[in-house]
Number of protein chains: 2
Amino acid sequence: MKTTDKRNSIMQSALEVIAERGFHDAPIAKIAERAGVAAGTIYRYFENKDMLIIILNRELEEKINERLRKNYPVEQPLRERFTYMIRELLRYFVANPLHFRYMEQYYNSPYGISRRKERLSDESGKRDIARDLFKEGIEQQVLKDLPSLVLAAFTFGPLLSLLRDHIVGFIRLDESLIGRIAEACWDSIKK
Amino acid sequence: MKTTDKRNSIMQSALEVIAERGFHDAPIAKIAERAGVAAGTIYRYFENKDMLIIILNRELEEKINERLRKNYPVEQPLRERFTYMIRELLRYFVANPLHFRYMEQYYNSPYGISRRKERLSDESGKRDIARDLFKEGIEQQVLKDLPSLVLAAFTFGPLLSLLRDHIVGFIRLDESLIGRIAEACWDSIKK
DNA sequence: GATAAATAAATGAACGTTCATTCCGCCGAG
DNA sequence: CTCGGCGGAATGAACGTTCATTTATTTATC
């Protein structure tokens with residue numbers, strides 16, 4: 001097994017154990033066991049448990065960003081780009097429920113609090129699809145005249161609740177429902 | 001100090017410590033210290049830490065329900081009752097940020113997962129304001145024809161995000177903004 | 001055979017909970 | 001009125017467990 005495989009195997013195991021059992025009840029020993037590795041080995045690949053957790057989150061965020069940018073309909077009107085983003089996001093997490101549960105935990109933990117602040121004051125050149133959409137929409141007067149943070153809350157807030165409900169089995173996010181949800185999101189922020 | 005005072009003092013301390021520092025980093029020792037009692041004393045009032053946490057949550061939920069029912073405009077049209085509920089909820093948590101942070105943590109922890117399921121299959125006579133509103137709205141065809149769980153996600157999902165943003169200081173939920181948010185919520189679920 | 005990688009036992013810190021001891025307010029006897 | 005002692009309440013040191021991390025040792029690779 002190549003060392004990069006072993007590293008991946010550790011990350012995959014951490015993803016599974018933490019997503020399934022929560023940050024509590026995800027001891028290094030358990031992560032090592034599922035990865036088929038001894039506890040000490042993890043420390044050859046990650047500085048410590050915190051770093052493993054943080055890096056894993058970064059990687060998941062990266063995957064999602066890639067997915068959103070792929071086939072992003074740059075040419076379409078705002079409304080289509082917006083609903084496309086929502087539909088893709090929902091599809092991604094429906095296909096990768098563990099990713100959702102991991103990130104949900106991450107952002108509801110001390111790790112996530114700082115990550116959130118970081119993200120808000122992100123003045124790096126890194127484009128953020130959602131941020132651009134809101135800005136454009138406000139300028140064009142097609143969106144409600146609310147702070148973009150508020151628009152973001154109306155866009156993503158419901159999605160979190162819905163994905164949770166889907167993953168525990170209370171609702172089924174099929175293509176039809178996903179479509180209607182995207183429309184409802186748009187309704188809540190359009191002027 | 002009467003024993004009921006001591007009990008309250010322990011609960012208040014738990015609320016503060018957990019809301020401010022998270023479930024992690026809220027050891028019994030710290031809760032006891034802030035309550036001005038010894039660690040062992042807590043176990044005279046609560047079976048164990050879990051029970052303290054669960055009972056505290058119940059009490060907070062109770063407070064909120066009271067507040068929502070008080071002055072609830074039963075006679076008004078659906079739309080007014082709906083926006084009233086949202087405004088009151090936001091006002092309550094703006095006035096009691098610790099309550100929000102506590103409950104947020106609670107519902108994002110193993111405690112809350114079961115609580116959520118409990119609530120969903122709650123066939124006790126206990127009326128749930130929101131549930132009734134959605135049911136009525138769907139019957140009257142004034143709300144979108146979506147499962148009430150989805151309507152609930154569109155109603156409460158954004159509020160959670162917004163309250164978080166308010167509490168960390170990213171936005172300021174004043175009366176004007178609260179009003180506009182309630183309207184936007186309505187827009188997202190009305191037909 | 002030397003170097004790097006992996007192992008699993010050892011370490012020490014943190015935590016919830018217990019329990020032997022202390023504290024304190026009350027009451028009845030003198 | 002005073003004093004002794006009784007019982008419930010409170011205490012906090014000690015215990016047992018869990019866990020991340022380190023380390024000494026073994027195993028694999030070139």
Side-chain angles (χ1 to χ4, degrees), chain A residues 1-59 101-102 105-106 108-115, chain B residues 1-58 102 105-106 108-115:
Chain A
M1 195 190 268
K2 292 240 309 284
T3 85
T4 163
D5 289 346
K6 193 157 284 190
R7 189 186 152 97
N8 284 340
S9 154
I10 291 167
M11 289 189 113
Q12 177 63 24
S13 165
L15 168 65
E16 289 172 15
V17 174
I18 292 172
E20 286 168 11
R21 314 162 53 110
F23 274 127
H24 65 89
D25 212 27
I28 283 279
K30 177 79 55 184
I31 294 172
E33 185 194 2
R34 171 128 30 152
V37 149
T41 304
I42 291 180
Y43 289 84
R44 293 201 58 75
Y45 293 88
F46 300 93
E47 190 187 334
N48 53 35
K49 196 188 183 188
D50 277 5
M51 269 310 171
L52 165 56
I53 287 170
I54 290 169
I55 289 172
L56 176 48
N57 182 260
R58 270 197 216 130
E59 204 149 292
R101 303 197 40 170
Y102 181 89
Q105 303 222 34
Y106 185 88
N108 283 305
S109 75
Y111 305 113
I113 311 263
S114 31
R115 181 74 184 89
Chain B
M1 198 191 268
K2 292 245 308 286
T3 84
T4 166
D5 289 345
K6 193 158 284 188
R7 190 185 151 97
N8 284 340
S9 151
I10 291 167
M11 290 188 112
Q12 177 64 24
S13 164
L15 168 64
E16 290 172 14
V17 174
I18 292 172
E20 286 168 10
R21 314 163 52 108
F23 274 127
H24 66 90
D25 212 25
I28 284 280
K30 177 80 51 187
I31 293 171
E33 185 194 0
R34 174 131 24 156
V37 302
T41 304
I42 291 180
Y43 289 83
R44 297 200 58 75
Y45 294 88
F46 301 94
E47 191 185 331
N48 52 36
K49 197 189 183 186
D50 277 4
M51 269 308 168
L52 165 56
I53 287 170
I54 290 168
I55 290 172
L56 176 49
N57 181 260
R58 271 197 215 129
Y102 180 91
Q105 303 224 31
Y106 185 88
N108 284 305
S109 74
Y111 305 112
I113 312 264
S114 31
R115 181 75 184 91

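Within every chain, numbering begins at 1; the chains are lettered A, B, ... in the order of the sequence lines, protein sequences first and strands thereafter.
Distance CD1 (B:Ile28) to P (D:dA13): 17 Å, rounded to an integer number of Å. Atom CD1 of B:Ile53 is separated from atom P of C:dC15 by 14 Å (rounded to the nearest Å).
With distances taken from any side-chain atom of A:Pro27 to the nucleotides D:dC19, D:dA10, C:dT7, the minimum falls on D:dC19. If you check C:dA5, C:dT7, C:dT17 against the side chain of A:Ala38, the one that comes closest is C:dT7. In the set C:dG16, D:dA10, D:dG12, the nucleotide with an atom closest to the side chain of B:Lys6 is D:dA10. When the nucleotides D:dA10, C:dT17, C:dT7 are ranked by their closest atom to the side chain of A:Thr41, C:dT7 comes out on top.
In terms of phosphate contacts, A:Tyr43 brings no side-chain nitrogen or oxygen within less than 4.0 Å of OP1 or OP2 of C:dT7. Distances shorter than 4.0 Å separate none of the side-chain N or O atoms of B:Tyr45 from OP1 or OP2 on D:dA9.
Between B:Glu20 and B:Lys30 no salt bridge is recorded (no basic side-chain N to carboxylate O distance below 4.0 Å).
Summarising the geometry of B:Tyr111 relative to B:Ile53, their closest heavy-atom pair is OH-CD1, 3.4 Å, with the distance given to 0.1 Å. Taking every heavy atom of both residues into account, A:Arg34 and A:Ser13 meet most closely at CB-OG, 3.4 Å.
Taking a pair as Watson-Crick or G-U with both hydrogen-bonding distances under 3.5 Å, the stems of three or more pairs touching DNA chain C are C:1-30 with D:1-30.
B:Tyr45 places no side-chain N or O within 3.5 Å of a backbone atom of B:Asn8 that could act as its donor or acceptor partner.
Within the model, atoms CZ of A:Phe46 and CE of A:Met51 stand 11.0 Å from one another, a figure rounded to the nearest 0.5 Å.
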